[in-house]
Protein chains: 2
Amino acid sequence: MKERARPAPLPRLILTDSVYEAVKELVMDQHIEPGARVNIDQLARDLRVSPTPVREALARLEMDGLVIKEPLRGYSIAPILDAAAFEQLYEVRGLIEPFAARRACERANRQLVTALQREIDAMRKTIEGLRPEKPLGYRDYREFAFQDARFHEAIAAASGNELLGETLSRLRSHLHLYRLYYATGIGPETAAEHEAIVKAIAAHQPEEAAAAMAEHITRSQGRQRRAFES
Amino acid sequence: MKERARPAPLPRLILTDSVYEAVKELVMDQHIEPGARVNIDQLARDLRVSPTPVREALARLEMDGLVIKEPLRGYSIAPILDAAAFEQLYEVRGLIEPFAARRACERANRQLVTALQREIDAMRKTIEGLRPEKPLGYRDYREFAFQDARFHEAIAAASGNELLGETLSRLRSHLHLYRLYYATGIGPETAAEHEAIVKAIAAHQPEEAAAAMAEHITRSQGRQRRAFES
DNA sequence: GTTCCCAATATCCTATAGCATATTGCCGCC
DNA sequence: GGCGGCAATATGCTATAGGATATTGGGAAC
């Protein structure tokens, strides 16, 4: 028989998936800075896995635009969004998201409204939980960014067009944008604008919902842009 | 010294990229049918490479949605578009492409117009080159599909928003859609509709360009849908 | 002092071997 | 005759070793 003394280094689902998520978090949480080289063997040792799943994970992340592979030099973390890419991202969001909001409103039911409202409440709770005297940790920004993302994803999913939601989450720059939240400052404006969108959906007014979403995207762009230029 | 008698099995750029393109063509050209299992080792032997680049290529293709990975069963070719996904694809295209056409028209110059016109002429040449008595080979459909794709990509690229073009080409279903061209039938309608778009762009009429593109998408959807239901 | 060349190093890329798990066919049992 | 369990097989997953190439540092020549 064989002895079973191996310490089981990771939770073990599909190793490649675990590595993919792990590296994604590593980048998004600023533990690796943009432009830095990524050594495959080193990363494999750190995560206690073999290089093969690391390679597969990096190949996926390259499709996400989060890392860049140069022919015989290896992988490196993609640079942060520049001003032009930032404007382009919001132009595409401004095109897609109001459309998704209109569709979602046309098909909306009670469940969707309560789910969206629950997300808003959670965000308000996060904001209230912050102590002014205590500096904001990256976990605060992280939580806030996730709540924002979940709200927008829920609307896209409710549009009845799955491809629309996929297209939105594939906007590779979303991941980079997450990093920007660090500088954005967490304010109650986001929750208020979300509230306006939900109100229009609850009233079954598709055009109002689309307009509220467009307004939200524009204002969000303005907030991020201010933080961006500093 | 070392002897150099190795036969150099592939052109050798970056092996992973070559495998990626090779598998993509294999699927798009119907050499592997949807739903079929893909054996990594077998594929590696066929292409005369080691399993590692095959793994990386398949990981990328999974992000494209062209193959599916099941936990401990391996990869298989993604199933063809169903009717719902087909309608969703055209809904998204109908949202994005007229916008791209409007932007491209606003920024258009002489070069763009001539480039687009050249593409249309090439497509007309392809159509005229077909002999009625000779059955259409897959190379004919392939050539036609590529010309159509190049036209749309050129407009998206000219929009001034790179992300718009990337978003469009990332619509994973485009690859699947290519397979549909086999059943669509090649007609002169496509070239004529392209012509209308270019005419609007040449006249610097952004709204007309957007309308012409929207009309083209709708008609294309109708043509494909007919072939789709057979 | 600067530039060019060479060597040493590091890293990626390829290949192969061993392990774990899912699947399939067969046999026995009910 | 149908069903459940078991064993054999196939396949994907992990790990490690060796070869090829780009990069970097030092030394010599100008």
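Labels below follow one simple rule: chain letters A, B, ... track the order of the sequence lines, proteins then strands, and each chain is numbered from 1. No experiment lies behind these values; they were computed from the predicted model shown.
- Across all strands shown, B:V54 has no heavy atoms under 4.0 Å from either base or sugar-phosphate atoms.
- Ring-plane geometry between A:H152 and A:H216 is classed as parallel, the angle between the planes falling under 30 degrees on a 0 to 90 degree scale with a further cut at 60.
- Rounded to an integer number of Å, the gap from A:L47 CG to D:dT14 P is 13 Å.
- A:Y20 has its OH atom 20 Å from the C1' atom of D:dC13, to the nearest Å.
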Checklist entry - What's the verdict on salt bridge (Lys or Arg N to Asp or Glu O under 4.0 Å) for B:R150 and B:E119, showing C-alpha distance, side-chain angles and the deciding distance? => result CA-CA 8 Å; B:R150 275 200 300 270; B:E119 212 61 67; 3.1 Å; yes
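- Mapping B:P51 and B:E56 onto DNA chain C by nearest heavy atom places B:E56 at the nucleotide closer to the 5' end.
- Dashed line: the shortest gap from a side-chain N or O of B:S50 to OP1 or OP2 of C:dA15 is under 4.0 Å.
- Atoms CD1 (A:I40) and P (C:dC12) sit 5 Å apart, rounded to a whole Å.
- Nearer the 5' end of DNA chain D, as judged by each residue's closest nucleotide, is the contact made by B:N39, out of B:T52 and B:N39.
- OP1 or OP2 of D:dT14 has not a single side-chain nitrogen or oxygen of B:R55 nearer than 4.0 Å.
- Computed from coordinates, the A:Y75 OH to C:dT11 C1' distance equals 13 Å when rounded to whole Å.
- Atom CG of A:D41 is separated from atom P of C:dC13 by 11 Å (rounded to the nearest Å).
- The nearest whole Å value for the distance from the CZ atom in B:R45 to the C1' atom in C:dA15 is 14 Å.
- Here C:dA10 presents its P atom at 19 Å from CG of A:L43, a figure rounded to the nearest Å.
- Test B:E87, B:E91, B:R93 against B:Q221 for side-chain contact (heavy atoms from CB on, under 4.5 Å) and you get one pass: B:E87.
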Item to check | From CA spacing to verdict: salt bridge (Lys or Arg N to Asp or Glu O under 4.0 Å), A:E106, A:R103 | outcome: CA-CA 5 Å; A:E106 291 167 354; A:R103 279 278 185 283; 3.5 Å; yes
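- Across the protein-nucleic acid pair, A:R37 atom CZ and C:dA10 atom P stand 14 Å apart, rounded to whole Å.
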